[in-house]
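A short worksheet on the structure shown next.
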Amino acid sequence: MEAKDMILICKALSDTNRLEIVRMLSDGEKCGCKILDKFNITQPTFYHIT
């Protein structure tokens, strides 16, 4: 993997919401609505951060 790719991955995972979504998905596939229930954000914001 190139350094540029690693930087993008690290940048994405530095967001606490994104990191929590990755943790939730580590158990397996989930419906977006189930993930959205965990956060205090609107649906458009959710789809923007994912």
Exercise for review: Apply side-chain contact (heavy atoms from CB on, under 4.5 Å) to T16 and list each qualifying residue two or more places apart in sequence or on a separate chain.
Suggested key: none
Check your understanding: Once you round to the nearest 0.5 Å, how far does CD1 of I21 lie from CZ of F46?
Key -> 5.0 Å
Review point. About how many Å separate CE of M24 and CZ of F39, when rounded to the nearest 0.5 Å?
Key: 6.0 Å
Exercise for review: Give a yes or no on this: more than 12 heavy atoms of other residues, nucleotides or ligands lie within 6.0 Å of atom CG of N40.
Suggested key: no
Exercise for review: Quick one: pull up OG1 in T42 and CG in L36 and give me the separation to the nearest 0.5 Å.
Suggested key: 8.0 Å
**Study point:** side-chain contact (heavy atoms from CB on, under 4.5 Å) partners for L13, two or more places apart
**Key:** I9, L19, V22
Exercise for review: Sorted by first residue and then second, give each salt bridge (Lys or Arg N to Asp or Glu O under 4.0 Å) pair with at least one member in residues 24-33; sequence neighbours left out.
Suggested key: none
Exercise for review: Could I get the full list of side-chain contact (heavy atoms from CB on, under 4.5 Å) partners for C31, not counting sequence neighbours?
Suggested key: C33, K34
Study note, to complete from the structure: With sequence neighbours left out, the residues meeting side chain to side chain donor-acceptor pair (under 3.5 Å) with S14 are none
Review point. Of all residues at least two apart in sequence or in a different chain, which pass the side-chain contact (heavy atoms from CB on, under 4.5 Å) check with I7?
Key: none
